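Worksheet: the structure to be examined is printed underneath.
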Amino acid sequence: MPDQIKIQGGFVVVFEGIDGVGKSTQIERLKSHLEGLGYDVVTLRNLGGSPIGEALREVMLSETPRPPLTDMHISLAIQSALIDVIDQARAKGQIVLMDRGPYSLAAYQIYGTGIEGDLAWQHVEAGLDAIHPELSILMTADIETSLDRGREHSGKADYFESKPVEYFENVSQGYIEMADKYSMQILNANRPIEEIARDVSDLVGCGARWRSSGH
Ligand code: ADP
């Protein structure tokens, strides 16, 4: 097997959007596409992504009652472990495809739940500074369609997915505001999977400022 192509400093792509919008579907397709081209690709989920992160993910998605600020602190604990994993991937010259990133903390907890104060935003900014994604893609689709797709796919609604539709409207609005603020690329996900995948490949190709060894 030929050597995998490494990218100096790595390359991180974050996929964002509400549950069921099609993030994991596009991540899997992009992973196969890039691996087919010879790149070394890893996938990580923002809510998880490391052994301790995956354990805390279970806690986050459980129905255990807690105040909203507790969710924020659990997210931060997950994020700090994840940053370490991403740094290691960058050092190895890998492409990292992330199912969500620090934007989610803002979308779900600040815009969705309504946590107030500067602390949450400071954590979002700190996460973005540390992860520093080369490309962030926001997938947008009709909320009911996305939630139905997600529930059909997983068979049940988890702690966050079972919130009322207004919650997701606020989350979606938050994502749109952040797309502008943080130069996220918006993709209409109310389209066939293939069509979206072509746009994703184009965005990755255009956004690619990587220097591969041997290229
Ligand atoms: P997410 O990771 O954003 O929660 P998934 O990628 O798991 O979403 O997709 C949820 C469900 O919707 C899956 O069954 C998937 O096959 C389906 N799906 C994904 N993208 C589309 C699309 N563009 N059109 C129709 N169904 C889709």
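Quick caveat, the model's predicted, so the values are computed rather than measured. Counting convention: from 1, in listed order, for ligands and their atoms alike. Below, each value reflects all heavy atoms present in this structure, side chains not excepted, and no hydrogens, waters or symmetry copies.
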I'd like a table of donor-acceptor pairs (distance under 3.5 Å, sequence neighbours excluded) in which one partner is a side-chain atom from residues 106-113, with atom names and distances.
from	atom 1	to	atom 2	distance (Å)
Y108	OH	R100	NH2	2.8
Q109	OE1	M72	N	3.0
Q109	NE2	S75	OG	2.8
Y111	OH	E177	OE1	3.2
T113	OG1	Y108	O	3.1

Item to check | Note, S146 side chain near D19 side chain (heavy atom, < 4.5 Å) | outcome: no
Checklist entry - Contact residues of ligand 1 with a heavy-atom cut-off of under 4.0 Å? => result I18, D19, G20, V21, G22, K23, S24, T25, R149, H153, A189, R191, I193, I196
Next on the checklist: Less than 4.0 angstrom from a charged side-chain N to a carboxylate O is my criterion; do K6 and D40 meet it?
Outcome noted: yes
Next on the checklist: Tell me whether D199 is salt-bridged to R191, with the criterion being a basic N under 4.0 Å from an acidic carboxylate O.
Outcome noted: yes
Next on the checklist: For the aromatic rings, using the six-membered ring if either is Trp, is the centroid distance between Y182 and Y103 under 6.0 Å?
Outcome noted: yes
Next on the checklist: Could you report the tightest heavy-atom contact between V96 and A89, atom names first, then the distance?
Outcome noted: CG2-CB, 3.5 Å
